[in-house]
**Student:** 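Could you have a look at this structure, given as structure tokens, before my questions?
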Amino acid sequence: MQYPHTKAVRLSLLVLLICAAFAVVGGVTAQSSGEKVLTTGINQVGGDPETLDPNLAQASQELAVIQEMFPGLTVQDTATGDLKPGIASSWDVSADGKTYTYHLIQNIPWVHWNSQTNQVEQVKDSSGNPKYVTASDLVYSWQRVLDPKTASPYAYVPADFVVGGDDVENGKADPSTLAVKAVDDWTFQVTAPDAVSFIPNIDGLWPTDPVPQDAIEQYGDQWTEPGNMESYGPFVLSDWQHDASITLVKNPFWPGITTVPQPKLDKIVYTLLDPAGQFANFQAGTLDASAVPVEQIDAIKADATLSKEYYVGTSPCTYYVGFNVTQPVVSDVHLRRAISFAVDRQSIVDNVTKGGQVPAQWFARPGLLAAPTLDSNPDLGIKYDPDQAKSELTLALKDLGYSSAADVPAITLAYNDSSGHAAIMAAIQQQVKDTLGLNLQLSAREPTTYFSSLENGGSPQMWRAGWCQDYPDADDFDRVVFRSDSTQNNALFKSADFDKLVDQARAETDTAKRQALYAQAEDILVNQQAAIIPIYWYTTLELTKSNIERTYSVTGQEEYATWDIGS
Amino acid sequence: MAVAESNQTLGTGVASLQKKAQGQSLWLDAWKRLRRNKLALIGAIIILLNIFVAIFAAQLAPKPYDLQVLTDNNSAPAWVTKLFPNMVPKSEGGYVNINNSYILGADNVGRDLLSRIIYGSRVSLAVAFVGPFFSLLIGITFGLISGYAGGKVDNFMMRFVDIVYAFPTLLLVILMMAFFRSGFAAATPGTFAYAVGQLDSSMGGMLFIFIGIGITSWMNLARLVRGQVLSVREKEYIEAARSLGVSTREIMFRHVLPNILGPVIVSETLTIPTYISYEAFLSFIGLGVNPPLPSWGQMISDGSRAISSYPNQAIFPAFALFLVMFAFNFLGDGLRDALDPRMRGVD
Amino acid sequence: MAAFVVRRFLWMFLILFVLSIIVFALMHAVPGGPFDQEKPLPPATKAIMMEKYHLNEPVVNQYFDYIGDILLPRVTYGRVVPDSAFDYLINIPLPAAFGDQATIRWVNFGPTYKSRSLSVNDIFRQNLPVSFQLGVAALAVALAIGLPLGIIAALHRNTIYDYTGMGVAIFGVSVPVIILGPVLQYLVGVQWKLLPVTGWGDFEDMILPAFALGFAQSALIARLTRASLLQVMNEDFIRTARAKGLSERVVVLGHALKNSLIPVVTVLGPLFAALVTGTFVVEVIFGIPGMGRYFVTSVTGRDYPMIMATILLFAAFLVFMNIVVDIVYAWLDPRIRYD
């Protein structure tokens with residue numbers, strides 16, 4: 001007797017065979033041309049970068065691509081973190097320290113990708129002459145980024161460093177009133193309201209990189225699409241498969257500068273994948289460089305090949321847990337100090353995060369300009385100390401009127417849910433319980449709900465956060481985040497002494513003196529007042545195939561113009 | 001084979017069927033047949049065992065579910081490394097810390113996997129019952145009324161189903177989570193809100209999320225029930241009953257409902273895994289249970305990221321899930337056979 | 001029948017309208033906004049962002065603006081600078097007599113807050129075809145595995161075929177895609193290097209994700225087919241057919257199978273709608289630029305126009321599929337009539 005399913009089974013087998021055949025053929029036809037193509041990943045779970053427009057970018061994933069197309073007036077040397085000339089070969093500062101005059105490298109051409117000829121071409125003006133990056137492009141960029149019509153999420157950074165910036169950003173003044181000036185084609189001048197030593201750092205940041213007025217006016221929101229996009233840096237955008245990949249090709253017209261030489265790579269292909277997907281591709285040989293999923297670190301370190309391809313770099317970010325110092329129980333400074341002393345950062349770094357992170361003793365990550373370093377201040381801030389934790393707890397219980405730690409109502413520790421944060425929070429919960437007998441109640445929250453709940457003084461008793469540099473200076477950490485009037489100050493920490501110190505440090509020009517001031521400020525923030533618990537200073541973890549000749553960045557962003565592919 | 005089947009079917013004469021239906025209660029008869037179905041019994045036993053494990057988790061688990069020994073993170077016993085050959089022990093040049101005191105291994109912060117799986121059965125069983133309870137309740141009622149009423153009522157009700165079907169569960173879940181995780185946590189002891197809050201926190205803050213999933217996932221069931229009712233109500237015996245003057249309610253519950261229970265139960269037992277998967281999915285996108293309480297979904301979601309280096313962290317909870325699903329499916333299947341009136345007297 | 005279909009389509013617009021009001025209200029009730037992020041924006045900057053997208057206006061006004069942009073056509077003159085807030089699906093150039101480059105533009109789903117260069121319509125254009133391909137492939141896998149398994153199991157009830165087939169089905173439905181995806185990726189892509197680990201474009205890119213997605217659904221189909229077929233096999237008309245001495249093959253294929261497909265078709269409609277509008281987990285794991293990711297990221301990122309667009313798209317597709325299902329019902333079971 002014949003059953004109908006035999007036919008179906010045969011059909012399924014046939015389909016499987018065809019699939020297998022395709023797979024084999026696909027494997028054979030995959031080949032490489034003579035081009036030097038670097039394939040790497042962009043860690044982007046949600047999909048595309050929001051933008052490749054320098055005036056509008058804010059996320060590090062976007063900046064990684066943007067800096068290859070739009071080097072700043074000044075650039076941070078990725079190898080040392082020092083400030084170096086960018087497209088400005090030099091600059092002068094006025095006697096009052098407020099006006100900076102930048103001398104641009106002459107004749108850097110604007111280029112774009114021509115998809116018909118598949119070539120990088122110079123942009124010509126209406127009379128057919130090549131268009132160069134000039135001071136007026138910078139003036140346009142400053143005016144555009146601060147114009148409220150542009151709605152740049154990052155305008156608030158340059159706004160503080162140009163006269164009239166805040167008024168323009170808030171719509172009270174016309175962008176043309178900004179104190180930026182094109183003295184001539186190759187000389188650009190910007191005047192800041194205060195004399196601050198790190199102004200050249202700010203002026204080199206991406207939000208005010210030169211942008212092409214003609215392309216922006218012609219293509220509107222779509223000027224960042226391949227072909228439309230005009231740029232001048234070592235690489236040019238040639239393809240953008242939204243939600244899938246971004247391809248940059250070498251710009252042969254880039255003259256090359258010390259920190260950003262003419263590229264040796266012909267092409268960079270960024271694939272948009274989470275770290276797990278990147279790592280799987282790296283293992284399969286389809287990515288040359290990959291992020292490292294924390295779950296794989298042990299296996300990578302033990303593997304003969306992978307361990308050589310594994311690299312731990314520094315990253316200018318700090319992971320911390322804040323208190324809301326106005327909330328019940330944690331308003332007591334001794335309780336806060338007790339909890340902070342009870343957190344064994346080294347154990348968290350060794351056993352949970354595993355990526356060679358540095359146990360943090362204070363907030364402003366060492367390596368930032370004027371931030372205290374572990375060499376100069378080995379005992380600054382706060383460290384794991386169970387004995388001191390217990391003695392602080394005794395004081396706290398007396399203050400609060402509880403007879404034992406178990407009587408203290410559970411303290412909420414909220415965080416934006418993800419498996420990485422969950423593990424760190426669980427470790428902190430356990431350590432506080434073991435050392436002090438205090439109960440922390442973990443509250444995993446949906447990320448956007450969580451972030452919005454931190455604002456306007458509504459933060460829970462304890463909350464997690466991370467902070468990364470906008471500009472490489474301790475000012476961007478201590479003053480920007482925790483000054484009493486800062487909108488980012490979710491700890492609601494208020495200290496007149498702290499404010500005075502960070503204001504002094506900002507006005508001071510001598511780096512050693514500034515460092516000492518920040519050390520004092522940090523001591524108030526993390527030790528005396530213990531408004532936050534610094535947990536660790538970030539690292540970036542990377543895998544690169546052994547044939548990639550690369551440089552190693554300390555800024556958290558790689559400069560691919562210095563990379564090459566060996567045989 | 002076919003011969004045997006036709007013999008069976010010949011044995012079920014319509015007359016004998018109806019005679020039996022008068023004499024025996026539907027459910028007693030069903031139970032008798034269910035008992036004879038070995039796989040269904042095994043399924044039932046596994047589910048009972050699982051309930052037992054969930055209740056007596058504290059007694060059964062070798063370690064507290066939240067006890068972390070950070071230095072034991074990701075360690076595994078020797079037998080696990082033999083089961084998964086890519087987990088090479090440190091002693092053999094690999095990366096896995098061997099620690100035989102963890103029967104199935106430890107997770108990324110050094111918590112005992114077995115204990116967490118045992119405790120995790122609580123949340124997972126809660127999903128398996130809370131969600132389907134709401135979905136069955138709404139779905140069957142809705143489908144029955146819609147299918148039996150027919151006409152304009154049916155049309156209107158089915159359009160309502162379309163609206164609910166497209167309703168964004170995720171949005172509702174986030175709303176409920178934001179509202180209840182902060183709202184009910186702050187309630188005063190002794191009130192109803194406090195009791196609900198306690199129940200919620202014993203489920204790791206997931207109670208309302210499960211309810212939310214339940215009340216937005218009954219539409220398939222409603223459509224299924226309606227489809228069945230549509231085809232059943234045209235059948236001769238229903239028409240006969242109607243012509244005999246049997247009330248609508250009686251027709252629905254005595255004749256229509258038993259006839260459609262089979263597909264409904266099959267569909268619902270098959271839906272239970274999707275509830276548990278949904279819990280894993282929520283963990284995957286950052287909407288999981290409040291730690292340190294474990295759930296299988298969260299363990300699977302966290303473990304899936306480590307699948308190539310520590311497969312035990314995902315595979316063991318996935319296996320526990322698999323066992324329970326296996327049980328639900330075979331039990332559901334057995335129930336289907338047992339409840340189908342046309343199978344009465346068979347076997 | 002024709003009147004029935006027309007009536008259902010009219011219903012469809014009513015449904016979409018009601019749904020749009022509910023979802024619009026609900027999404028604005030959810031705490032947090034599109035510009036609440038890990039690194040918070042200063043209030044002044046946030047206010048500027050909110051103003052750009054008119055989020056500072058009353059919700060009711062925002063709703064009418066939104067619906068108006070979709071439903072009301074507009075005519076533009078001259079060259080239009082691309083603007084993600086004004087991107088229309090339908091653009092019909094008018095003869096020169098109507099004015100300089102006069103164009104009727106219609107159906108604007110608005111900008112997405114998570115891209116400064118793309119509109120919701122752009123994302124539809126780019127990502128929907130990808131999800132559609134993947135969804136069709138996954139459904140094909142589901143049917144290719146599910147139907148034969150279900151039929152075999154039903155015909156060999158309580159034999160080793162039945163248990164094996166159902167074992168496979170249960171396995172499929174019990175292993176979450178979150179596990180199946182990475183396992184397939186690791187074994188087939190990384191270890192054996194047979195198929196690409198991630199990516200989209202070629203046929204071979206499609207195999208793993210389609211299988212990961214379709215396998216679980218095949219279980220559903222197998223179980224329903226089996227259950228339903230068993231039930232139908234006991235019906236009078238099958239007994240009659242057998243009694244007439246028809247071969248088992250004709251009985252099963254010619255009579256029983258068609259009738260047993262009603263429950264299968266019931267779930268197939270919504271299933272198809274869900275598959276072709278994308279699935280988040282598979283897209284993320286396999287790096288596929290489809291629509292599915294937006295169903296999740298729009299909600300978690302409070303990208304309001306994208307939330308509306310995904311829900312309305314899914315709803316429209318679903319309602320459409322359900323109309324198809326009802327038509328198929330009538331074909332499968334002539335006793336069901338729509339009038």
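Letters A, B, ... are given to chains in the order of the sequence lines, protein chains preceding strands, and every chain is numbered from 1.
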**Student:** Do you see a donor-acceptor pair shorter than 3.5 Å between the side chains of C:Tyr186 and C:Gln191?
**Tutor:**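 Yes, a side-chain donor-acceptor pair sits under 3.5 Å.
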**Student:** Under a 4.5 Å heavy-atom cut-off, does chain A meet the side chain of C:Asn127, its backbone, both or neither?
**Tutor:**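 Answer is side chain: those atoms of C:Asn127 sit under 4.5 Å from chain A.
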**Student:** Side chain, backbone, both or neither: which part of C:Gln37 has a non-hydrogen atom closer than 4.5 Å to chain A?
**Tutor:**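 C:Gln37 touches chain A through backbone and side-chain heavy atoms alike.
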**Student:** Is chain C contacted by the side chain of A:Thr150, its backbone, both, or neither, given a heavy-atom distance below 4.5 Å?
**Tutor:**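 Backbone only.
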**Student:** Heavy-atom distance under 4.5 Å to chain A: side chain of C:Lys52, backbone, both or neither?
**Tutor:**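 For C:Lys52, the contact with chain A is made by the side chain alone.
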**Student:** Do C:Asp303 and C:Thr112 have a side chain donor and acceptor closer than 3.5 Å?
**Tutor:**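 Judged by distance alone, the side chains do pair up.
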**Student:** Checking side-chain polar atoms at under 3.5 Å, does A:Glu62 have a donor or acceptor matched by the opposite partner on A:Gln58?
**Tutor:**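 No pair is found: no donor N or O on one side chain lies under 3.5 Å from an acceptor on the other.
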**Student:** Assess the side chains of A:Thr487 and A:Glu455: does a donor N or O sit below 3.5 Å from an acceptor N or O?
**Tutor:**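 A:Glu455 and A:Thr487 do not have a side-chain donor-acceptor pair below 3.5 Å.
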**Student:** Which bit of C:Tyr53 comes within less than 4.5 Å of chain A, counting heavy atoms only: side chain, backbone, both or neither?
**Tutor:**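 No part of C:Tyr53 comes within 4.5 Å of chain A.
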**Student:** Non-hydrogen atoms of chain A under 4.5 Å away: do they reach the side chain of C:Asp122, the backbone, both or neither?
**Tutor:**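 Interface part for C:Asp122: side chain.
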**Student:** Which atoms of A:Thr448 are under 4.5 Å from chain C, going by heavy atoms: the side chain, the backbone, both sets, or neither?
**Tutor:**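 Both parts, backbone and side chain.
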**Student:** Could you tell me whether the side chain of A:Asn170 and the main chain of A:Lys172 form a donor-acceptor pair under 3.5 Å?
**Tutor:**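 Absent.
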**Student:** Which bit of C:Leu118 comes within less than 4.5 Å of chain A, counting heavy atoms only: side chain, backbone, both or neither?
**Tutor:**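 Contact with chain A is through the side chain of C:Leu118 alone.
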**Student:** Taking the six-membered ring for Trp, are A:Tyr450 and A:His421 ring centroids under 6.0 Å apart?
**Tutor:**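 So the answer is no for these two rings.
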**Student:** Please classify the contact between A:Gln218 and chain C as side chain, backbone, both or neither, with a heavy-atom cut-off of under 4.5 Å.
**Tutor:**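 Answer is both: backbone and side chain atoms of A:Gln218 are under 4.5 Å from chain C.
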**Student:** For chain A, which candidate among C:Lys46, C:Glu51, C:Arg79 shows the most heavy-atom pairs at distances under 4.5 Å?
**Tutor:**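 Winner by heavy-atom pair count: C:Arg79.
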**Student:** Could you tell me which of C:Ala44, C:Ser84, C:Gly287, C:Gly301 has the largest number of non-hydrogen atom pairs under 4.5 Å with chain A?
**Tutor:**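 So the answer, after comparing C:Ala44, C:Ser84, C:Gly287, C:Gly301, is C:Ser84.
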**Student:** Side chain from CB out, backbone as N, CA, C, O: work out which of these in A:Pro447 comes under 4.5 Å of a heavy atom of chain C, or both, or neither.
**Tutor:**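 When you check distances to chain C, no heavy atom of A:Pro447 falls under 4.5 Å.
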**Student:** Examine whether an atom of A:Ala155 lies under 4.5 Å from a heavy atom of chain C, and if so say whether it belongs to the side chain, the backbone or both; otherwise answer neither.
**Tutor:**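 A:Ala155 has no heavy atom closer than 4.5 Å to chain C.
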**Student:** For the residue pair A:Arg464 and A:Tyr319, would you count it as a cation-pi contact if the rule is NZ or CZ under 6.0 angstrom from the ring centre and within 45 degrees of the ring axis?
**Tutor:**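 Yes, cation above the ring, under 6.0 Å and within 45°.
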**Student:** Sort out for me which residue in C:Ile151, C:Asp162, C:Leu155 forms a side chain to side chain contact (heavy atoms under 4.5 Å, CB included) with C:Arg226.
**Tutor:**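 Checked C:Ile151, C:Asp162, C:Leu155 against C:Arg226; only one passes side chain to side chain contact (heavy atoms under 4.5 Å, CB included): C:Asp162.
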